[in-house]
Student: 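Let me begin by handing over the structure; questions about it come next.
Side chains included, hydrogens not; waters and symmetry mates left out as well; all remaining heavy atoms used.
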Amino acid sequence: MGERLRLAIGVMGNAASLLLYSTPILTMSRIIRKKNTEEFSCVPYISALLNCLLYTWYGLPVVSCGWENFPVVSINGLGILLEFSFILIYFWFASPTRKMKVIAILIPVIILFCITVSISTFVFNDHHHRKVLVGSLGLVASVTMYGSPLIVVSPNLVGSPLGIFQLLLYCKYRKRVKKAVESPNKWDLEENDEKSNEVQIVIGESANGKS
């Protein structure tokens, strides 16, 4: 009963993961159709690739005990193919600046995965510590993957409180600002009075000279 329940949950989990990994297909079809990446970011695809790489390694017999986590290997192996395909399509239609961004993000991800593989293989000699290391990094990668779409709205999340703060300041001091704008400056009045007096003196001297 326990094995059947585990198998059923694993199948449902794989189905849900497949839907998650295949979601960008609609975005990729739009990029191919318009031959432009528009405002789409490459971060979600690269973070998903790292997630799939780590969990595929986690499910292999080097880290896990035998093939106890074969469903994890199967779905994340498929996820590697999908995400790598999405990254290639994005890179093909991206501008030169965005291509450099893809490379700048993808290279550290590959290096991080290689370091994880090396440490888990040659530093730790038992499956328990290997699973703890790779599983912990996989959890961080999963959180990053699910949170990566927020990179589009993060500037707005920061800007919204600042905008609200500016509105509050305006509402509080709007009367003073209006009064300062409408009422002339004292020094400007004195300067205008001096100029008007000088003009009157010049006009008076000219009138006396003519007379």
Student: Can a donor-acceptor pair be found, under 3.5 Å and without considering hydrogens, that links the side chain of Asn69 to the backbone of Val72?
Tutor: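 Side chain of Asn69 to backbone of Val72: no pair is present.
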
Student: Are Val132 and Phe124 connected into the same hydrophobic cluster when the rule is that any two of I, L, V, M, F, W, Y join if their side-chain heavy atoms are below 4.5 Å apart?
Tutor: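 In one cluster: no.
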
Student: With a 4.5 Å limit on heavy-atom distance, are the side chains of Tyr45 and Leu88 in contact?
Tutor: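 In short, these two side chains do not touch, never coming nearer than 4.5 Å.
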
Student: Kindly give the heavy-atom pair with the smallest separation between Lys99 and Phe91, and that separation in Å.
Tutor: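 The pair with the smallest heavy-atom distance is CE-O, 2.9 Å.
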
Student: Check whether any side-chain heavy atom of Leu50 sits under 4.5 Å from a side-chain heavy atom of Thr144, and report yes or no.
Tutor: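 Not touching, per the 4.5 Å side-chain cut-off.
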
Student: How long is the span from the CD1 atom in Ile119 to the CG atom in Leu137, to the nearest 0.5 Å?
Tutor: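 Reported value, rounded in 0.5 Å steps: 8.5 Å.
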
Student: Could you measure the distance from the NE2 atom of His127 to the OG atom of Ser120? Nearest 0.5 Å is fine.
Tutor: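 Atom-to-atom, His127:NE2 and Ser120:OG are 11.5 Å apart.
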
Student: Are Val140 and Val134 connected in the hydrophobic side-chain network, where two residues link if heavy atoms are under 4.5 Å apart?
Tutor: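 No, no single cluster joins them.
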
Student: Taking Tyr55 for its side chain and Ser142 for its backbone only, find out whether a donor-acceptor pair lies under 3.5 Å.
Tutor: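 Checked: no pair found.
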
Student: Using only atom types and a distance under 3.5 Å, with no angle test, would you say the side chain of Ser74 pairs donor to acceptor with the backbone of Pro71?
Tutor: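 The answer is yes, because a donor-acceptor pair under 3.5 Å joins these two groups.
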
Student: For the residue pair Val43 and Ile105, establish whether any side-chain heavy-atom pair is separated by less than 4.5 Å.
Tutor: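 They are in side-chain contact.
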
Student: Out of curiosity, Ile46 CD1 to Asn51 CG, how far, rounded to the nearest 0.5 Å?
Tutor: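 Ile46 atom CD1 to Asn51 atom CG measures 14.0 Å (nearest 0.5 Å).
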
Student: Does either side chain, that of Tyr21 or that of Asn76, offer a donor lying less than 3.5 Å from an acceptor on the other one?
Tutor: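 Side-chain D/A pair, Tyr21 to Asn76: present.
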
Student: With side chains defined as the heavy atoms from C-beta onward, is the minimum distance between Ile31 and Met28 less than 4.5 Å?
Tutor: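 Yes - at least one pair of side-chain heavy atoms lies under 4.5 Å apart.
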
Student: What verdict does the salt bridge (charged side-chain N to carboxylate O under 4.0 Å, His left out) test give for Arg98 and Glu38, after you've listed the backbone C-alpha separation in whole Å, the side-chain angles of each residue and the deciding distance to 0.1 Å?
Tutor: CA-CA 10 Å; Arg98 289 182 179 270; Glu38 298 180 322; over 6 Å; no

Student: Using a 3.5 Å distance criterion without hydrogens, assess whether the side chain of Ser29 forms a donor-acceptor pair with backbone atoms of Leu26.
Tutor: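 Such a contact is found between Ser29 side chain and Leu26 backbone.
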
Student: Check whether the side chains of Thr116 and Trp57 place a donor and an acceptor atom closer than 3.5 Å, and report yes or no.
Tutor: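 No - no donor-acceptor pair under 3.5 Å links their side chains.
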
Student: Report yes or no: does Ser64 contribute a side-chain atom to a donor-acceptor pair with the main-chain N or O of Pro61 at less than 3.5 Å?
Tutor: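 Absent.
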
Student: How many angstroms lie between atom CG of Asn14 and atom CG of Leu19, to the nearest 0.5 angstrom?
Tutor: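 Reported to 0.5 Å precision, the distance equals 11.0 Å.
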
Student: Which pair of heavy atoms, one from Ile75 and one from Ser17, lies closest together, and at what distance?
Tutor: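 For Ile75 versus Ser17, the nearest heavy atoms are CG1-CB, 3.6 Å.
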
Student: Are any of the side-chain heavy atoms of Cys42 and Phe86 separated by less than 4.5 Å?
Tutor: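 A side-chain contact under 4.5 Å is absent here.
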
Student: More than 12 non-hydrogen atoms from neighbouring residues, nucleotides or ligands closer than 6.0 Å to CZ on Phe84, yes or no?
Tutor: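 Incorrect, the count does not exceed 12.
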
Student: Is it true that Ile111 and Ile80 fall in one hydrophobic cluster, defined by side-chain heavy atoms closer than 4.5 Å?
Tutor: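 Result: yes, single cluster for both.
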
Student: Mark yes or no: Lys35 above the aromatic ring of Phe93, with NZ or CZ under 6.0 Å from the six-membered ring centre and no more than 45 degrees from the axis.
Tutor: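 That pair does not qualify as a cation-pi contact.
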
Student: Arg130 side chain to Val62 main-chain N or O, any donor-acceptor pair under 3.5 Å?
Tutor: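 Checking the backbone N and O of Val62 against the side chain of Arg130, a donor-acceptor pair under 3.5 Å is found.
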
Student: Examine Tyr146 and Val143 and state if one hydrophobic cluster contains both, with Ile, Leu, Val, Met, Phe, Trp and Tyr joined whenever side-chain heavy atoms are less than 4.5 Å apart.
Tutor: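 Tyr146 and Val143: separate clusters.
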
Student: Which distance, rounded to the nearest 0.5 Å, do you find between the CG of Leu54 and the CE of Met145?
Tutor: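 The CE atom of Met145 is 11.0 Å from CG of Leu54, to the nearest 0.5 Å.
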
Student: Can you give me the closest heavy-atom contact between Thr37 and Tyr90, atom names plus distance?
Tutor: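 Taking Thr37 first and Tyr90 second, the nearest heavy atoms are CG2-O, 3.5 Å.
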
Student: How many angstroms lie between atom CG of Leu78 and atom CG of Leu81, to the nearest 0.5 angstrom?
Tutor: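 Output value for this atom pair is 6.0 Å.
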
Student: Verify the cluster assignment for Tyr58 and Phe122: are they in a single hydrophobic cluster under the rule of side-chain heavy atoms below 4.5 Å apart?
Tutor: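 Different clusters: Tyr58 never reaches Phe122 through Ile, Leu, Val, Met, Phe, Trp or Tyr contacts under 4.5 Å.
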
Student: Could you give me the CA-CA distance, side-chain angles and deciding distance for His129 and Asp126, then say whether side chain to side chain contact (heavy atoms under 4.5 Å, CB included) is met?
Tutor: CA-CA 6 Å; His129 288 91; Asp126 58 292; 2.6 Å; yes

